[in-house]
J.: 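There's a structure below that I have some questions on.
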Amino acid sequence: MKRILFIVLLFASSPQLLAQNITGDWHGLLKQIKLRVVFHISETNNGFSSTLDSPDQGATGIPVTSTFFENDSLKITVANLGVTYKAKLVDNSFEGTFLQAGLQLPLKLTRQAIEKPKQNRPQEPEMPYPYYTEEVSFNNENANITLAGTLTLPEQVGKYPAVVLITGSGPQDRNEELAGHKPFLVIADHLTKNGIAVLRYDDRGFGQSTGDFSTATSTDFATDVQSAISYLKTRKEIDQNKIGLVGHSEGGIIAPMVASKSEDINFIVLLAGTGIRGDSLLSMQGRLVEAAMGQSKENMEKSAEIRKEIIDMVMKSEDIPNLRNDLTAYLKTETVVEKIKVLLPPGMGMDQFITTQLNFMATPWMVYFLRHDPGKILETVDCAVLALNGEKDVQVPPKENLSAIKTALEKAGNNKFRVEELPGLNHLFQECKTGAPTEYGTIEQTFSPIALSKISDWILDQVR
């Protein structure tokens with residue numbers, strides 16, 4: 001849904017005489033999303049190994065997956081994120097293309113450090129904040145991990161209603177930073193100024209949190225949320241009868257999962273949350289994203305046919321290794337190859353396309369996501385629910401999902417809910433033109449003030 005751009009790399013090349021050319025630190029900038037990356041490459045007995053820093057998201061020492069380097073050509077595959085990077089070594093810099101889930105971005109790596117790009121993000125608060133802020137950590141004891149985050153309180157002393165913010169899919173920091181924006185920082189600032197305490201935290205295995213993100217599914221992330229609730233209940237500043245969840249995208253799937261099993265949840269807010277099963281959502285999403293990006297009708301039909309077959313194979317799979325083999329065999333059949341060739345982005349070869357598909361689709365997270373029916377969970381939720389979707393959201397189409405959410409809550413006999421489609425807003429709740437993901441980083445606004453007010457006003461109504 002929102003599996004936005006992170007690179008975790010392993011350099012493993014054998015020619016020893018090349019070590020002096022590629023060992024050390026390499027700096028790059030994904031310009032379209034204003035995200036810096038730094039690769040730290042060192043020599044090993046078998047070639048090279050590497051770690052990644054993402055300075056703008058507070059993530060350092062991220063382990064890497066696989067790399068091939070020969071004749072000045074570099075090819076990097078990041079299995080758990082569905083990422084491929086191909087580049088040529090030219091005048092002591094790598095010039096190439098970064099691809100993930102069909103998104104293609106130029107990426108140049110050099111030896112020179114890059115200053116953080118200056119962007120006009122007027123909604124981001126600046127210190128000192130007019131409220132109390134504390135860096136915190138808490139344990140998910142069942143998973144044996146520690147989650148690091150930020151707790152904001154209207155005042156250091158007092159007793160306040162509170163919310164836990166739940167990020168969307170893909171590894172996210174506590175600010176849910178993507179495309180040069182920090183939505184959760186803006187939401188936390190707004191809610192805290194309106195008298196609501198907010199806990200936000202780095203996803204497991206990312207930022208300052210421990211654990212393994214790559215093997216986790218939504219059920220694992222739900223246990224992290226429950227651990228956050230348990231932590232809030234230890235704080236004397238939190239009114240334990242007024243704790244809620246605010247989930248964005250996949251977070252809007254996780255919030256009902258937690259609420260359906262916990263008596264500690266007073267309300268939930270679903271921001272671009274889903275009401276339909278994952279396989280149907282991914283199918284709709286593919287068509288809408290391609291249309292928003294100007295793909296031809298003929299190519300969209302070819303893409304839809306291939307996507308349907310891949311989704312069907314994932315739905316029927318019994319284990320990941322066999323799924324990878326089956327997907328590879330399907331994508332290499334002659335008729336499929338002919339269709340794919342006209343769909344490939346410039347510079348992407350068939351092998352690269354297949355690897356990207358395998359790493360994106362043949363994962364525990366994707367298998368769970370496609371099979372999960374959020375409507376069934378919502379049928380068991382009896383707390384107050386606010387569901388907001390943007391009219392121009394091409395990742396979680398509003399009409400189908402809001403309708404399904406409404407139907408499920410009515411079936412549950414829940415009369416404490418509101419669903420609303422917000423005109424002109426995209427998946428990140430920005431005022432936009434097309435709704436395409438490529439537009440996110442070009443928009444100055446981080447989060448619609450109208451949407452912010454709807455969230456805070458509704459929460460305050462629930463906790464009065």
J.: Inspect the contact between R307 and E309 and indicate whether a charged nitrogen and a carboxylate oxygen are less than 4.0 angstrom apart.
T.: no
J.: Using a 4.5 Å cut-off on heavy atoms from C-beta on, say whether the side chain of T446 contacts that of L428.
T.: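 The answer is no, as the side chains (C-beta and beyond) never meet within the 4.5 Å cut-off.
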J.: With sequence neighbours left out, write down each residue that passes ring-ring contact (aromatic ring centres under 6.0 Å, His included) with H190, or none if nothing qualifies.
T.: none
J.: What closest approach, in Å, do R235 and L151 show between heavy atoms, and which atom pair accounts for it?
T.: CZ-CD2, 3.6 Å
J.: Output a table of donor-acceptor pairs, distance under 3.5 Å, between side-chain atoms of residues 252-263 and any protein atom two or more places apart or on a different chain; print 'none' if there are none.
T.:
unit_1	atom_1	unit_2	atom_2	d
S260	OG	P256	O	3.2
S260	OG	M257	O	2.9
S262	OG	D264	N	3.0

J.: Salt-bridge test for R464 and D461: reply yes if a basic N is under 4.0 Å from a carboxylate O, no otherwise.
T.: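 Looking at R464 and D461, the cut-off is met.
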J.: Hey, do the aromatic rings of F213 and F221 have their centres closer than 6.0 Å?
T.: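 Centroid distance F213-F221: below 6.0 Å, so yes.
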J.: Can you tell whether the side chains of E421 and K399 come within less than 4.0 Å, N to carboxylate O?
T.: yes
J.: Is there a donor-acceptor contact under 3.5 Å from the side chain of S227 to the main chain of T223?
T.: yes
J.: With a 4.0 Å cut-off, would you call R121 and E126 a salt bridge?
T.: no
J.: Between E298, E301, E305, which is the residue that forms a salt bridge (Lys or Arg N to Asp or Glu O under 4.0 Å) with K339?
T.: E305
J.: Do the ring centers of F98 and Y85 come within less than 6.0 Å of each other?
T.: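 No - the distance between ring centres of F98 and Y85 does not fall below the 6.0 Å cut-off.
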J.: Is a salt bridge present between K308 and D312, judged by a nitrogen-to-oxygen distance below 4.0 Å?
T.: yes
J.: Kindly determine whether I166 and V246 satisfy side chain to side chain contact (heavy atoms under 4.5 Å, CB included), including the steps that lead there.
T.: CA-CA 6 Å; I166 313 171; V246 178; over 6 Å; no
J.: Side chains of residues 372-384: which donor-acceptor partners sit under 3.5 Å, not counting sequence neighbours?
T.:
unit_1	atom_1	unit_2	atom_2	d
H372	ND1	Y368	OH	3.3
D373	OD1	G375	N	3.0
T380	OG1	I377	O	2.6

